[in-house]
Amino acid sequence: MMSRPGHGASAAVLRGHQDEEHLDVMLQSLGINQIETVNSGPRDALGANVLSVALIGPDEGRRSAVAGALSGAPCHIAQEFSSYPALDMVPRLAKLNLDVLFLDLDSNPEYALELVETICAVSQTTVMVYSARLDSEAMLNCMRAGAREFVTFPITPNSIAEAMIRASARRTVIRTGAKADGRLCVFCGAKGGAGVTTIATNFAVSAAHEASGSKVLLIDLDLPLGDIALQLGIKPQYSIVDALQNFARLDANFLSRIVARHSSGVCVLAAPGNFVPYDLSPDAVNKLLQLARQEFDCVVVDTGSSFHLKRTSLFGSEAIIYLVSQVGIAELRNSNRIVSELFPSTLPKLEIILNRYASSSLGVDEEHITRALTRPAQWRIPEDKATFILNQNTATPLALGDTPVSRVIRQMARTACGITAEPEKKKKIMGLF
């Protein structure tokens, strides 16, 4: 059973304020109002920014000893915490953009390890653990959780200086090698059978073709019965469950080994081919999405018609949400509830797709459709049963053909990828949308 964090005043307050407003207020007391100080802290003799450091440790004596050892190193202590923060505060803590975080292992080893793992899952801060004991098993566990250094008392200036040199080198690599995070496009349905998987799959294929040279990852989160692999005619060796169950050790190398590659160029993280136990935890989903966006230019996710991951980064401010609906009473009713209750604000960006749209046989006029949706639909994919059946029977992406359906999906992908002008050759073949 997981041990609880220290019972100091700040930990108690952290656990007691769960809503967004209180968390923001609490962050100010944790130093979030010092972000400018952290990011533009003291400089060394050469004019370079020194490392920003935070200390976390309920034991004041050990924490003070570490602070003293750091006094001669090229760093500045941006913040000290006298108790362990709650795990749900870690993503917010990451906003401090710290370079190094020193964490006391001994006050609560089990919880400290979990804290190290969580911090490493959501940020690139270099985590260093300090302990009064040189324990090889504890050291190994810390390294597995993601810690970069294991420092034991007595702490010498030389050992701290060497650790800081390694942290500084790592910071340089991170800052010079980082690329902009890839686009996150999330497809969800107002009702089962709305056509989410077909649209998401062909959107991903279109994105790979239209944005030449882009790396696209398609993730099947329609668990447990997602069928992206079936639509693409592939049999992956691994599934998204392998990523979720091993999210603590999930990195670029691990991800590259478990994705399948389709002939269209799209990489796929499919749902499992049979029933297997899985834990769809928010931490695992967030870690996967964070890594996926670092490694791919476009990440497309099929969530089916489930919204239980609403509080993850799937539905965060950087995502584009595509709500797939059809023009039926049940679908429009569900769409109204979803838009009104789950997406009342302008963030994240929400676009509505009317699938299998046939204006001549709706029985519902445009005014009533817009009123039901609370806003105009951005996309209308026409009814084309023959094309959809061919796609399902042959496992050939319809996005690769030239049909009214493929043209709309292609235009959706182009818009999402920021492609404004269509090449002349394609205009002649397809005509203007």
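For N246 (side chain) and R249 (main-chain N/O), no donor-acceptor pair under 3.5 Å exists by modelled atom type. Under a 3.5 Å cut-off, the side chain of R183 and the backbone N or O of A416 do form a donor-acceptor pair. Counting only distance, with no hydrogens or angles, the side chain of T370 and the backbone of P376 share no donor-acceptor pair below 3.5 Å. N334 contributes a side-chain N or O that, together with a main-chain N or O of A190, makes up a donor-acceptor pair within less than 3.5 Å. Not one N or O on the side chain of D106 forms a donor-acceptor pair closer than 3.5 Å with the backbone of S131. Side-chain atoms of N336 come within 3.5 Å of backbone N or O of A372 as a donor-acceptor pair.
Judged as a salt bridge (Lys or Arg N to Asp or Glu O under 4.0 Å), and not counting sequence neighbours, E383 has no contacts. Not counting sequence neighbours, the partners of A330 by the side chain to side chain contact (heavy atoms under 4.5 Å, CB included) test are K191. Annotation: salt bridge (Lys or Arg N to Asp or Glu O under 4.0 Å) contacts of E351 (sequence neighbours excluded): K349. Partners of D242 according to the side chain to side chain contact (heavy atoms under 4.5 Å, CB included) rule, which considers only residues two or more places apart in sequence or in another chain, are Y238, S239. Considering only residues two or more places apart in sequence or on other chains, R337 meets the salt bridge (Lys or Arg N to Asp or Glu O under 4.0 Å) condition with none of them. Legend: residues meeting ring pair (Phe, Tyr, Trp, His ring centres under 6.0 Å) with F187, ordered by chain and number and at least two apart, are F203, Y322. Not counting sequence neighbours, the partners of D104 by the salt bridge (Lys or Arg N to Asp or Glu O under 4.0 Å) test are R62. Among residues two or more places apart in sequence or in another chain, the side chain to side chain contact (heavy atoms under 4.5 Å, CB included) test is passed with S136 by none. Residues passing the side chain to side chain contact (heavy atoms under 4.5 Å, CB included) test with T403 are D384, T387, V405, S406, sequence neighbours excluded.
Residues Y357 and P382 have side chains not in contact (no heavy-atom distance under 4.5 Å, counting atoms from C-beta outward). For the pair M128 and V100, the minimum side-chain heavy-atom distance is below 4.5 Å. V324 is not listed as a side-chain neighbour of W379, based on a closest heavy-atom distance of 4.5 Å or more. Side-chain contact between V196 and S305: absent, with no pair of heavy atoms (C-beta onward) separated by less than 4.5 Å. Side-chain contact between T374 and R371 is absent, with no heavy atoms from C-beta onward closer than 4.5 Å. Within the 4.5 Å cutoff, the side chain of L105 has no heavy atoms near those of the Y130 side chain. V301 has its side chain out of reach of C185: every pair of non-hydrogen atoms, C-beta onward, lies at least 4.5 Å apart. The closest side-chain heavy-atom distance from V129 to V151 is not below 4.5 Å.
In plain terms, the two heavy atoms of M164 and V53 that are nearest each other are CE-CG2, 4.0 Å. Looking at every heavy atom in both residues, K310 comes nearest to L342 through CE-O, 3.0 Å. A pairwise comparison of heavy atoms in A54 and L98 identifies CB-CD1, 3.4 Å as the closest pair. When all heavy atoms are compared, the tightest approach of L350 to Q378 is O-NE2, 3.9 Å. When all heavy atoms of A207 and A413 are compared, the pair lying nearest together is N-CB, 3.7 Å. Taking all atoms of both residues into account, the shortest heavy-atom contact from G193 to R356 is O-NH1, 3.4 Å.
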Please tabulate, for the side chains in residues 216-230, all donor-acceptor contacts under 3.5 angstrom to protein atoms that are two or more places apart in sequence or on a different chain.
from: D220; atom 1: OD1; to: D222; atom 2: N; distance (Å): 3.1
from: D220; atom 1: OD2; to: D227; atom 2: N; distance (Å): 3.3
from: D220; atom 1: OD2; to: I228; atom 2: N; distance (Å): 3.1

Side chains of residues 252-260: which donor-acceptor pairs under 3.5 Å do they make with residues two or more places apart or in other chains?
from: S256; atom 1: OG; to: A252; atom 2: O; distance (Å): 3.4
from: S256; atom 1: OG; to: N253; atom 2: O; distance (Å): 2.7

Give the table of side-chain donor-acceptor pairs shorter than 3.5 Å for residues 284-291, with sequence neighbours excluded, one pair per line with atom names and distance.
from: N286; atom 1: OD1; to: S313; atom 2: N; distance (Å): 2.9
from: N286; atom 1: OD1; to: S313; atom 2: OG; distance (Å): 3.0
from: N286; atom 1: ND2; to: P282; atom 2: O; distance (Å): 3.3
from: K287; atom 1: NZ; to: F247; atom 2: O; distance (Å): 3.1
from: K287; atom 1: NZ; to: L250; atom 2: O; distance (Å): 3.2
from: Q290; atom 1: NE2; to: V122; atom 2: O; distance (Å): 3.1

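Separation of atoms OG (S206) and CD1 (I409) is listed at 6.5 Å; rounding is to 0.5 Å. N141 contributes atom CG, which lies 11.0 Å from atom CD of E110 (distance to the nearest 0.5 angstrom). Summarising the geometry, atom OG belonging to S264 is positioned 6.5 Å from atom CG belonging to L232; distances are rounded to the nearest 0.5 Å. Taking CG of N355 as the reference point, atom CD of E331 lies at 10.5 Å (rounded to 0.5 Å). Here the OG1 atom belonging to T303 is positioned 4.5 Å from the CZ atom belonging to F315, to the nearest 0.5 angstrom. Distance check: C188 SG to D302 CG gives 9.5 Å after rounding to the nearest 0.5 Å.
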Subject >> CA sep, side-chain torsions, deciding dist, call: S335, S325, side-chain contact (heavy atoms from CB on, under 4.5 Å) >> reply: CA-CA 7 Å; S335 296; S325 179; 3.1 Å; yes

**OP:** Could you walk me through whether L184 and V186 pass side-chain contact (heavy atoms from CB on, under 4.5 Å), step by step?
**Re:** CA-CA 6 Å; L184 177 59; V186 179; 3.9 Å; yes

Original post:
Between F102 and V127, is a side-chain contact (heavy atoms from CB on, under 4.5 Å) present by the stated rule, with each step listed?
Top reply: CA-CA 6 Å; F102 268 96; V127 178; over 6 Å; no

**OP:** In sequence, state the C-alpha distance, the side-chain angles, and the governing distance for T197 and Q231, and then conclude on side chain to side chain donor-acceptor pair (under 3.5 Å).
**Re:** CA-CA 8 Å; T197 299; Q231 286 220 5; 5.4 Å; no

Subject >> CA sep, side-chain torsions, deciding dist, call: I199, M412, side-chain contact (heavy atoms from CB on, under 4.5 Å) >> reply: CA-CA 10 Å; I199 297 174; M412 285 171 53; 4.3 Å; yes

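For the pairing with L354, the side-chain contact (heavy atoms from CB on, under 4.5 Å) check across L323, I381, L373 returns one residue only, L373.
A salt bridge links E318 to R293: at least one charged side-chain nitrogen sits closer than 4.0 Å to a carboxylate oxygen.
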